[in-house]
> 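Just passing along the structure, written as structure tokens.
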Amino acid sequence: SSLVPSSHTRATIGRWLCLAYTLTLITDLVLLLWHWKTLGDRYFISHHLAALYAYQYVLARGLLPYFANFRLIAELSTPFVNQRWFFEVLGVPRSARLVVLNGTAMSISFFFVRIAVIPSYYRQVASSFGTAAFHRLGLGPQCAWIISSLALDILNTIWMYKIARGCWKILFRSHMHRKTEPSKSF
């Protein structure tokens, strides 16, 4: 027996992972809508709807599980994003050490799992164009795959810019504040 699972087993595991993520997205979407005044953000809604649109093809027809699970790697940054929100709700100052550390971890993880993988992802997408498998997908899944991927990457790029700008401000302001603060040793 091989240590490498069969392609059927890998596809089944991939679909289960997509199901778990889809249920998480639906729950999150309901919470966003329910608590719109506190949590609502049209970009989050767009993100969730684009992902749900694409994942329904994986769940209903078993299409593109490799690409769907490749996209799931992006969620490794989510704990830091959520922790940032918790700090904000609790009123912890942005200059607090834990907030700065979490923000730095969020920036780094967000970059590596959502932005740095973009060229590799689209290299794989491009290599499938024109193949028999690509044509067998049909127009609906092709559009869901490409449009949702582009939408998610545009949103992630916008968010990365905002995250990097915020992280830079906090780190720079904290650094400048320490330099200009009078010494307490007097």
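Starting from 1, each residue takes its place in the sequence as its number. The structure displayed is predicted, hence computed values, not measured ones.
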> Are the ring centres of Phe110 and Phe80 closer than 6.0 Å?
no

> Would the number of heavy atoms belonging to other residues, nucleotides or ligands and lying under 6.0 Å from CZ of Phe112 be above 12?
no

> Check the hydrophobic clustering (I, L, V, M, F, W, Y; side-chain heavy atoms under 4.5 Å; chains of links allowed) and say if Phe67 and Ile146 are grouped together.
yes

> Are Leu139 and Val125 linked, directly or through other ILVMFWY residues, by side chains that come within less than 4.5 angstrom of each other?
no

> State, to 0.1 Å, how close Leu63 and Val58 come at their nearest heavy-atom pair, and which atoms those are.
O-CG2, 3.1 Å

> Are the ring centres of Phe44 and Trp159 closer than 6.0 Å?
yes

> For Trp168, I'd like to know if atom CH2 has over 12 heavy atoms of other residues, nucleotides or ligands within 6.0 Å.
no

> Is it possible for you to say whether Leu49 and Ile26 belong to one hydrophobic cluster, with membership spreading through side-chain heavy-atom contacts below 4.5 Å?
yes

> Let's go through Arg15 and Thr12 carefully: what are the C-alpha distance in whole Å and the side-chain angles of both, what is the deciding distance for side-chain contact (heavy atoms from CB on, under 4.5 Å) to 0.1 Å, and is it a yes or a no?
CA-CA 5 Å; Arg15 283 178 87 175; Thr12 302; 5.9 Å; no

> Closest heavy-atom contact between Ser107 and Ile163?
OG-CG2, 3.2 Å

> Is there a side-chain contact (heavy atoms from CB on, under 4.5 Å) between Tyr21 and Arg71 once you walk through the steps?
CA-CA 11 Å; Tyr21 181 62; Arg71 300 306 302 213; over 6 Å; no

> Tell me whether the count of non-hydrogen atoms from other residues, nucleotides or ligands lying under 6.0 Å of CZ in Phe86 goes above 12.
no

> Go through the steps for Leu137 and Leu64 under the test side-chain contact (heavy atoms from CB on, under 4.5 Å), then give the verdict.
CA-CA 9 Å; Leu137 287 172; Leu64 302 165; 4.0 Å; yes

> May I ask you to decide if Pro65's main-chain N or O and Asn69's side chain share a donor-acceptor pair within less than 3.5 Å?
yes

> Test side-chain contact (heavy atoms from CB on, under 4.5 Å) on Trp36 and Ile45; report intermediate values, then the result.
CA-CA 10 Å; Trp36 183 258; Ile45 299 294; 3.6 Å; yes

> For Arg114 versus Ile118, what's the shortest heavy-atom pair and its separation?
O-CG1, 3.4 Å

> Would you say Tyr57 and Phe129 are hydrophobically clustered, going by side-chain heavy atoms of ILVMFWY under 4.5 Å?
yes

> Look at the rings of Phe134 and Trp145 and say which category their plane angle falls in: under 30° parallel, 30 to 60° tilted, over 60° perpendicular.
tilted

> Which heavy atom in Gly103 sits nearest to a heavy atom in Cys167, and how many Å separate them?
O-SG, 4.2 Å

> Return the minimal non-hydrogen interatomic distance between Arg94 and Arg84, and the atom names on each side.
NH2-NH2, 4.4 Å

> Do the side chains of Leu25 and Leu59 join up, straight or via other hydrophobic residues, at under 4.5 Å, putting them in one cluster?
no

> Are side-chain N/O atoms of Tyr122 and Asp153 paired as donor and acceptor at under 3.5 Å?
yes

> Search all heavy atoms of Pro141 against all heavy atoms of Arg61 and return the closest pair with its distance.
CG-NH1, 3.8 Å

